[in-house]
Amino acid sequence: MPILSISSLHRLEIHTDEIVETTKVSTFATIPSYIEQFIFDSGSTINWNEFSLTLPEFTRIRLLSISLIDCNQKSVPSFIFQNLRTLSLGLLEVSFNWIIQLLTKTSCLVKLKLTGLVDADGFVVNQKWIRLFESAQTLVRIFVNVSLELDDESYHCEKIQAPLCALNLSLICNGDDNDCNLYYGTVNRWWSLRGMTTRQ
């Protein structure tokens, strides 16, 4: 690959429609370790456990952006991001607890960005946003732009909305399904959770 001959490379972006399962992710280990920004944008989900095997090679990485991680993640590897300042994750029903575990491996993280499709637990119900700041002592701000599919209108209630509002997060139901409900009965609604929360 021509990339191997570029000795001054500090930013690496990989954009692909699909990841072939037979591709050895470990081939990234041959890329010079002085890369500081790594952006991986894929139309298919990434197996974090395989991908993370190459991370020790990126000792200077300061920005890491992964477009799509799914819910099939196992334990978080023991590798610690020594220099990571910014982490951006596209989520596909990844558990909130997994994110908490991941942040314990970031010793210098300042900014976290979460996008994608998530479950309610941790994000809306049994909110654990403060745990993220507790897990990453240097974390200053979290940018949130996620979607949820919920069938409970009670998410409009003060008990749910007030704690989110205090964190500068807004939970909004997308669209009006009243006409649909009259015909089909109760249906799931799409909700958006957005905002930027900062360390108190």
Less than 3.5 Å apart, which donor and acceptor atoms pair up between the side chains of residues 135-146 and the rest of the protein, not counting sequence neighbours?
from, atom 1, to, atom 2, distance (Å)
Ser135, OG, Arg131, O, 2.8
Gln137, NE2, Glu134, O, 2.6
Thr138, OG1, Leu109, N, 3.0
Thr138, OG1, Leu109, O, 2.6
Asn145, OD1, Arg194, NE, 3.2

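With hydrogens and angles disregarded, a donor-acceptor distance shorter than 3.5 Å links the side chain of Gln161 to the backbone of Leu171. Glu13 contributes no side-chain N or O that, together with a main-chain N or O of Asp41, makes up a donor-acceptor pair within less than 3.5 Å. Checking side-chain atoms of Arg85 against main-chain N and O of Asn83 turns up a donor-acceptor pair under 3.5 Å. Formation of a donor-acceptor pair under 3.5 Å by the Arg189 side chain with backbone atoms of Glu149 is not found in this model.
Among all heavy-atom pairs drawn from Cys173 and Trp191, the shortest one is N-CE3, 3.5 Å. Here the closest non-hydrogen pair linking Cys108 and Gln82 is SG-O, 3.1 Å. The two residues Thr86 and Leu84 have their closest heavy-atom pair at O-CD1, 3.4 Å. Closest of all the heavy-atom pairs between Val94 and Phe123 is O-CE1, 4.0 Å.
At a threshold of 4.5 Å between non-hydrogen side-chain atoms, the residues Ile39 and Ile14 do not count as touching. Proximity of Leu89 to Thr115: side-chain heavy atoms (C-beta onward) are nowhere separated by under 4.5 Å. With a 4.5 Å cut-off on side-chain heavy atoms, Thr104 and Thr106 do not count as touching.
For the atom pair OG1 (Thr198) and CG (Asn168), the distance works out to 7.5 Å, reported to the nearest 0.5 Å. The CH2 atom of Trp129 sits 4.5 Å away from the CZ atom of Phe96 when rounded to the nearest 0.5 Å. Ile69 contributes atom CD1, which lies 10.5 Å from atom CG of Leu92 (distance to the nearest 0.5 angstrom). The line from CG of Leu102 to CG of Leu87 is 6.0 Å long, rounded to the nearest 0.5 Å. Once rounded to the nearest 0.5 Å, the distance linking OG of Ser192 with CD1 of Ile172 reads 7.0 Å. Rounding to the nearest 0.5 Å gives a distance of 9.0 Å between CD of Gln37 and CD1 of Ile61.
Cluster membership for Ile130 and Trp98, using ILVMFWY side-chain heavy atoms within less than 4.5 angstrom, is shared. Residues Leu63 and Leu12 do not share a hydrophobic cluster, clusters being chains of Ile/Leu/Val/Met/Phe/Trp/Tyr side chains in contact below 4.5 Å. Leu112 and Leu167 fall within the same hydrophobic cluster, where Ile, Leu, Val, Met, Phe, Trp and Tyr residues are linked whenever their side-chain heavy atoms come under 4.5 Å apart, directly or through other members. Put simply, Val125 and Ile100 are part of the same group of oily side chains (I, L, V, M, F, W, Y) that touch within less than 4.5 Å, one to the next.
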Requested in this report: Take Leu148 and Leu117 through the test side-chain contact (heavy atoms from CB on, under 4.5 Å) and record every step on the way to the result.
Outcome: CA-CA 6 Å; Leu148 309 87; Leu117 176 65; 5.7 Å; no

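Using the six-membered ring where Trp is involved, Tyr34 and His10 have ring planes that are tilted, between 30° and 60° apart.
Sorted by first and then second residue, the pairs that involve residues 88-97 and meet side chain to side chain donor-acceptor pair (under 3.5 Å), not counting sequence neighbours, are Asn97-Lys128.
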